Amino acid sequence: MAEEQNVTTEQSYDDSQIQVLEGLEAVRKRPGMYIGTTSVKGLHHLIYEIVDNSIDEALAGFCKQITVILNADGSVTVKDDGRGVPSGMNTKLGKPTLEVIYSVLHAGGKFGGGGYKIAGGLHGVGASVVNALSRRVEVTNRRDGKAYYIAFEQGKTVEPFRELGDTEAHGLTVRFWPDETIFETTVFERETVATRLREQAFLNAGVNICLRDERYEEEVEETFCFEGGIRTFVEYLNAQKGCSVLHDDVIYVSGEKDSSIAEVALQYNDTYSNIILSFANNMHTIDGGTHESGFRMALSKVLNEYGKKYKILKDDEKLTGEDVLEGLTAVVSVKLEDAQFESQTKAKLGNSEIRTLVSNIVADQLATYLEENPATAKIIVEKSIEAARGREAARRARELTRRKGLLESSSLPHKLADCNERRMEYTELYLVEGDSAGGTAKDGRESQFQAILPLRGKILNVEKSRLDRIYSSDSITPLIQALGCGIGSEFDLSKLRYGKVIIMADADVDGAHIRTLLLTFFFRHMKPLVENGHIYAAVPPLYKVSRGKAERYAFSDEEKDMYVEELGGNVRVERYKGLGEMDKEQLWETTMNPETRILKRITIEDALRADALFSILMGDKVEPRRAFIEENAKYVTNLDV
Ligand code: 28F
């Protein structure tokens, strides 16, 4: 079978080249192996793969400007002003180098294990994957005074490599049309692309990345370029949080050893939560790893030593790793040649030499910084001491609560309408905004396996609250009790009472608010619930379209238009303003019946986004919140959590 064949594994490559080269058909057959998923997330990976190649060229010191264009026809153009690809032939394959880069698969790709790019190193990895998963790809290469061109369709060369003519310019331009037969959707989300490009601009100081969206009448252009690199990243994150910073300067340390480089930027704010973002070779390592643990270790060591030395800490006082995180915003970025990842998803860095490198630079340079900036040092150490005392207060509050039996699973909250089924894999808990919708949900549910917990008013703002207040708050304890699995360090997944925890809130600003609050709570205090996919958001319909006896529920404007067309004539279109407007049958049919409802499973990324969004919605500063709500007012009906 031609499809399965390995094109070049035989004699043409010697043993020193570990790369296993196979046909691009392998990529089309199992796209997930190469880009993780064919969902909208995988779709965006196509852009990232190509942009990564331009970033590599920037890190090699030859490219200053990268432009990404979302074209009106659904394609994407990525352009850089680097050196362009060497224009000669690849002697082993007898093909132009450019064609090889785009049509020969390199070792496994990011998700298949094996080779990995390094800063300024293995250019072009990933390009072939994008080619394989695109309906069409056009590449223009400008180098040594000439322009060259080649085009592919579904990975196969359809316009052979040719010279176009003379040019002064240099660099590579790629335009690709994602393959509709591979991806669930081929519509790119500008905000998703922008977030990634902004992040890459933060991580690669000085590189100018421009994003242009030409798909709509109103053209949007955004440019990301940060001379301050990850220092500016930290400033940005704190500004996003809408909190006050405790010291003006972002603290920055960096260093290199062998061929690895590491840098850390940090700044404390007046909140009780923390943001630590870690990156290895520009990839976000969600699960951290050696770079992050090296940073944490050194941070608490330095703050303890400083606190002791200047008697800010009492003799018997010691800051834990957790204490020094309170109010911390930090970015840890490492670039290394042979990155090893512990998990299949490449979300956790494993190289142990990186732990040493990061902890050394933090231990040395942060200690020096504190010596030279005693006022800031005092503020930081005192913030951590406050956290330590808060932790102690939380422990006492927890014990008190436990003694009262509040957190025991034996006592269930009054408002909970429980289900009969006890086996958690069959059960669902609906968290419903407001007593009235809660009542309807109770009447409409299938009580065998569906439980309802109405949540009154706004749940406690966990951003501004210490654990001690969370444990004893009226809005949170019923939730903790109903779930039965405990919280924080006492969390025990095996005690969870419901397999699905479903947030049911209106499709408006208030609903988004409550969803965000709940997600933030789960993310901060019951993270394994999110990680193990137990948290869902119910998706209520926006419209009911009816004509006579025929009824349709529409979850988007497009769907509404479709039904209006389908039913024709005197259709009635009702817009649902809230869950409270539906009767029990309607609520069951549209939002609770497993056969017909839509549930959105909440991922860690969603929760992370909610966490950031949360800070905007709930932070102290009014400005970003108002700006956010105004900006999103017209979209609130489908406000993404
Ligand atoms: C829009 C996407 O892919 N840019 C790229 C370069 C530059 C070099 C390169 C790329 C050479 C032999 C592999 C130039 N001069 N943008 C991009 N810019 N690839 S991809 O080299 C590829 C290697 O095989 C480049 C000197 N060295 C490298």
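Just so we're clear, the structure is a prediction, and the values are computed from it rather than from any experiment. Counting starts at 1 for both ligands and their atoms, following the listed order.
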Thr173 N/O under 3.5 Å from ligand 1 N/O: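 Between Thr173 and ligand 1, no N or O pair is found under 3.5 Å apart.
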Nearest neighbour of atom 8 (C) of ligand 1 from the list Gly84, Ser87, Cys63, Gly82, on a heavy-atom basis: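 Going through Gly84, Ser87, Cys63, Gly82 one by one, Gly84 has the nearest heavy atom to atom 8 (C) of ligand 1.
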Shortest heavy-atom approach to atom 11 (C) of ligand 1 - which of Pro86, Ser54, Ala60: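 Going through Pro86, Ser54, Ala60 one by one, Pro86 has the nearest heavy atom to atom 11 (C) of ligand 1.
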Test item: side-chain donor near acceptor, Asn269 and Thr329, under 3.5 Å: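 Thr329 and Asn269 do have a side-chain donor-acceptor pair below 3.5 Å.
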Greater than 12 external heavy atoms within 6.0 Å of Asp248's CG: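 No, CG of Asp248 has 12 or fewer neighbouring heavy atoms, counting only those of other groups under 6.0 Å.
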Under 4.0 Å from a heavy atom of [X]: which atoms of ligand 1 are those, numbered in the order shown and with their elements?
{"X": "Arg143", "value": "14 (C), 15 (N)"}
{"X": "Leu172", "value": "1 (C), 3 (O), 4 (N), 16 (N), 17 (C)"}
{"X": "Asp80", "value": "1 (C), 2 (C), 4 (N), 5 (C), 16 (N), 17 (C)"}
{"X": "Arg83", "value": "14 (C), 15 (N), 25 (C), 26 (C), 27 (N), 28 (C)"}
{"X": "Ile50", "value": "1 (C), 2 (C)"}

Salt bridge or not between [X] and [Y]? Use side-chain N to carboxylate O under 4.0 Å.
{"X": "Arg196", "Y": "Asp52", "answer": "yes"}
{"X": "Asp213", "Y": "Arg215", "answer": "yes"}
{"X": "Arg28", "Y": "Asp179", "answer": "yes"}

CA sep, side-chain torsions, deciding dist, call: Phe226, Phe233, ring-ring contact (aromatic ring centres under 6.0 Å, His included): CA-CA 8 Å; Phe226 308 105; Phe233 201 166; 8.4 Å; no
Min heavy-atom dist Ile101 to ligand 1 below 4.0 Å: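 For ligand 1, residue contact (heavy atoms, under 4.0 Å) with Ile101 is present.
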Separation of Ile182 CD1 from Lys29 NZ (nearest 0.5 Å):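 Going from NZ on Lys29 over to CD1 on Ile182, the span is 12.0 Å.
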